[in-house]
Amino acid sequence: MTIETGAPKTITGHGPNPFIIAVLVMLVAALVQATLVSRIRFLGACPNLILVMVVSWALLKGVLTALPIAFVAGLFFDLLAGLPLGVSSLGLMATTFLAGLGTRRVFASNVLWPAFIVALATPVYAFFVLTVLQFTGLKVDWAEMAVQVVAPELVLNVLLTLVVYPTMRGVMQVRH
C-alpha cells in the first residue's frame, strides 16, 4: 500500500485551466470596478480597471488570448453597471485589437508603451460604448463627453496602467 503526499493532481495534470483563471480574475476586476474604482473621481471621471487589464492582457499574452477574456469581462461589467448587455464587450474587443499593435516583445518590459496603448484605447472604447448607447436612444453630447469624461478618464487610465501592467507582467511571469 502506498500513500501519496503533496498537492492533489488535476485530471490533465497541468494545473488549473488558464482561461478559467482569467475569467475569475476578470469577474473580480469587474466587481472591484463597479464597487470601488467607480468611486475614484478626477474631474468627474473614474479610471477603467477592466480596460487597463484587458489591454495589458493583450500586450502580455496576445490578441487571440485576450479576445474571449475581453468579451467575458465586458459582459460581467455590463451586468454589474446596468449597461446594455454586450456594449462593454464590443468596446473591449475593439481595444484588444488595438493592443495587438503593441505586442512586440521589444516593448514588453517598458511600462510607457502599455500606457501609450491605453491612452489610444480609452477614446476607442468610449466611442464604441457611446455609439451603442446613442443607438439605444440615449442623447449623447459628443463634445461634452470627450472633454468631461474621456479626457480625464484617459489620464486616470494611463496612471493606472503604470501599476496594473507591471503587476500583471510579474504575476504572469511567476506562473510560467
Side-chain angles (χ1 to χ4, degrees), residues 22-23 25-103 107 111-168:
V23 167
V25 166
M26 294 313 286
L27 174 59
V28 170
L31 285 168
V32 169
Q33 175 70 41
T35 58
L36 299 174
V37 176
S38 62
R39 299 192 190 288
I40 299 169
R41 295 283 175 189
F42 172 70
L43 299 176
C46 67
N48 189 332
L49 176 64
I50 304 295
L51 173 70
V52 171
M53 288 183 70
V54 164
V55 168
S56 296
W57 211 297
L59 289 169
L60 291 164
K61 292 296 184 180
V63 172
L64 293 179
T65 302
L67 272 174
I69 293 165
F71 177 75
V72 171
L75 291 178
F76 286 152
F77 184 69
D78 290 343
L79 287 170
L80 293 169
L83 292 169
L85 197 59
V87 87
S88 294
S89 292
L90 180 63
L92 289 171
M93 290 170 65
T95 61
T96 300
F97 281 114
L98 178 65
L101 301 172
T103 55
F107 300 115
V111 75
L112 295 179
W113 184 250
F116 175 73
I117 297 295
V118 165
L120 294 176
T122 299
V124 169
Y125 174 81
F127 171 79
F128 277 94
V129 170
L130 292 173
T131 300
V132 170
L133 291 176
Q134 189 168 20
F135 280 127
T136 64
L138 182 70
K139 173 93 172 96
V140 176
D141 183 342
W142 288 90
E144 181 181 337
M145 292 302 289
V147 172
Q148 294 184 0
V149 178
V150 178
E153 183 178 313
L154 187 148
V155 171
L156 291 170
N157 288 350
V158 166
L159 293 173
L160 187 59
T161 303
L162 300 176
V163 175
V164 169
Y165 181 80
T167 302
M168 287 180 67

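Bear in mind that the values here come from a model prediction, so they are computed numbers and not experimental data. Reckoned from all heavy atoms, side chains included, excluding hydrogens, waters and symmetry mates.
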Could you pull out every donor-acceptor pair under 3.5 Å between side chains of residues 46-56 and any protein atom, sequence neighbours left out?
from  : atom 1 : to    : atom 2 : distance (Å)
Asn48 : OD1    : Ile50 : N      : 3.3
Asn48 : OD1    : Leu51 : N      : 2.9
Ser56 : OG     : Val52 : O      : 2.8

For Leu64, I'd like to know if atom CG has over 12 heavy atoms of other residues, nucleotides or ligands within 6.0 Å. no
Is there a side chain to side chain contact (heavy atoms under 4.5 Å, CB included) between Phe77 and Ser89? Walk through the geometry before answering. CA-CA 9 Å; Phe77 184 69; Ser89 292; over 6 Å; no
For Val23 against Val72, the heavy-atom pair lying closest together: CG1-CG1, 3.9 Å
Please name the pair of heavy atoms, one in Pro152 and one in Val147, separated by the smallest distance, quoted to 0.1 Å. CD-O, 3.3 Å
State the OG1-CG distance between Thr96 and Leu59, to the nearest 0.5 angstrom. 9.5 Å
Determine the sole option in Val129, Asp78, Leu133 for which the side-chain contact (heavy atoms from CB on, under 4.5 Å) test with Pro84 is passed. Leu133
Heavy-atom pair of closest approach, residues Trp142 and Leu130: CH2-CB, 3.6 Å
Residue pair Leu92, Phe128: steps toward the side chain to side chain contact (heavy atoms under 4.5 Å, CB included) verdict: CA-CA 9 Å; Leu92 289 171; Phe128 277 94; over 6 Å; no
Would the distance check show the side chain of Asn157 and the main-chain N or O of Val118 forming a donor-acceptor pair, the cut-off being under 3.5 Å? no
For Leu83 versus Ser88, what's the shortest heavy-atom pair and its separation? CD1-OG, 3.7 Å
Audit row: Phe116, Leu120, side chain to side chain contact (heavy atoms under 4.5 Å, CB included) steps and yes/no: CA-CA 6 Å; Phe116 175 73; Leu120 294 176; 3.6 Å; yes
Is the count of non-hydrogen atoms from other residues, nucleotides or ligands lying under 6.0 Å from Phe76 atom CZ greater than 12? yes
Minimum heavy-atom distance between Ala58 and Ala99, given as atom pair plus value: CB-CB, 3.6 Å
Leu80 and Ala34: which non-hydrogen atoms are nearest, and at how many Å? CB-CB, 3.8 Å
Nearest-0.5 Å distance, CG of residue Leu112 to CD1 of residue Ile117: 12.0 Å
